[in-house]
There are 2 protein chains.
Amino acid sequence: MQVDEGIAILKKNGHKYTDKRADILSYFVHAKGYRSAKALLAFMETSYQGISLDTIYRNLRLFEQLELLESREKNGEKLFKIACKSGTHHHHFVCESCGLTKPLDKCPLPVYTEELADYHIHTHAFELYGLCPTCHHS
Amino acid sequence: MQVDEGIAILKKNGHKYTDKRADILSYFVHAKGYRSAKALLAFMETSYQGISLDTIYRNLRLFEQLELLESREKNGEKLFKIACKSGTHHHHFVCESCGLTKPLDKCPLPVYTEELADYHIHTHAFELYGLCPTCHHS
DNA sequence: CTATTCTATCGTAATCATTTCGATTTGTAA
DNA sequence: TTACAAATCGAAATGATTACGATAGAATAG
């Protein structure tokens, strides 16, 4: 997902271009990992002093609705990362040191088709956490 | 995990017995699934009118520290369930209708040992959501 | 049984993340 | 460039959770 793709999706859905929105997308495109609303606010305040919390949270919600961002919750805080848009369903490894997210080839769901034959599986949550090779060796 | 086991663990760690604590544990032992602080409060108010929020949240935190309860987050709310204490690492299927949690035999981690040979896996999150046979057929 | 000593609880206020609101500004299509 | 819907601001509201000073209660030793 690139910034201009995100802007295009915004426009296609009747939303407007603003510099702030481009900068928010740019922040997540370059972050390559999960970031909090607070971290985004800190980043945005360097370019736009006095930016409203409304702007931060409204856009995070909008971007998540449009599937430009994905989120998870931790310690009562919502964390966001840029969406993958690879088209195919997949999971991630997340580096706890640098925040890098690595897409995984396989999905663990087939492991359970037998054990849960009588159950109706709707969704699943799966993520791995640890250290990427770079962080592990330094 | 039974109520008296939980009370024993409390005492072993220098905490005192109270009827409220026994009732909180009993609530989760019989719930067999995730419940919110608000749901626990509603239950406790039937026996103890005027119970303090402090009591609810302090004990939830304490029980989680002592690993009598486990938690996950959803929509900015923390949900708690009784701990399994089976000794062995395992995951759960969670019924979205009745809240039932079913322990799963297998762990999906082995699926990724090859793909993540250069990575250092620390922890992982995995849970399945859907309908249990009972809720599915009604 | 009673005194002593912590721990638990209450009632309430504070905190933190997030959402909402009325007024104003800005993007964009005609 | 004009008109209008959408975006933003500044600030207040909400909802879940945590914290605090004062009181009540459980455990232990004498």
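In what follows, every heavy atom counts, from backbone to side chain, and hydrogens, waters and symmetry copies are set aside. Just so it is clear: chains get the letters A, B, ... in the order the sequence lines come, proteins before strands, and each one is counted from 1.
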Interatomic distance, B:Y17 OH vs C:dT9 C1' [rounded to whole Å]:
15 Å
For nucleotides 6-13 of chain D, 5' to 3', base contacts (B), sugar-phosphate-only contacts (S) and non-contacts (-) with protein non-hydrogen atoms under 4.0 Å give SSBBB---
OP1 or OP2 of D:dT18 less than 4.0 angstrom from a side-chain nitrogen or oxygen of B:R61, does that happen here?
yes
Would the number of heavy atoms belonging to other residues, nucleotides or ligands and lying under 6.0 Å from NZ of A:K102 be above 12?
yes
To the nearest Å, give me how far apart CD (B:E45) and C1' (C:dT9) are.
15 Å
Parallel, tilted or perpendicular: which fits the ring planes of B:Y119 and A:F93, with parallel below 30° and perpendicular above 60°?
perpendicular
Reckon A:Y57 touches a base, only the sugar-phosphate, or nothing at all at heavy-atom distances under 4.0 Å?
base
Nearest whole Å is fine: how far is D:dA16 P from B:E64 CD?
18 Å
To the nearest angstrom, the CG-P distance between B:N13 and C:dA8 comes to 11 Å
Below 30° counts as parallel, above 60° as perpendicular, anything between as tilted: where do the rings of A:H120 and A:H122 land?
tilted
With a 4.0 Å cut-off on N to O distance, would you call A:E127 and A:R72 a salt bridge?
yes
Atom CD1 of B:I56 and atom CD of B:E45: how far apart are they, to the nearest 0.5 Å?
7.5 Å
Is the phosphate of C:dA17 approached by A:K38 (side-chain N or O, under 4.0 Å from OP1 or OP2)?
yes
Whole angstrom is fine here: how far is it from CG in A:L79 over to P in C:dT18?
9 Å
How many angstroms lie between atom CG of B:L79 and atom CG of B:L40, to the nearest 0.5 angstrom?
12.0 Å
Return the value, rounded to whole Å, for the distance between atom CG of A:L60 and atom P of C:dA17.
14 Å
Could you tell me the separation between the NZ atom of B:K78 and the C1' atom of D:dT18, rounded to a whole number of Å?
11 Å
Separation of C:dT7 atom C1' from B:L66 atom CG, nearest Å, is 14 Å
In terms of the angle between their ring planes, are A:H89 and A:H91 parallel, tilted or perpendicular, with boundaries placed at 30° and 60°?
perpendicular
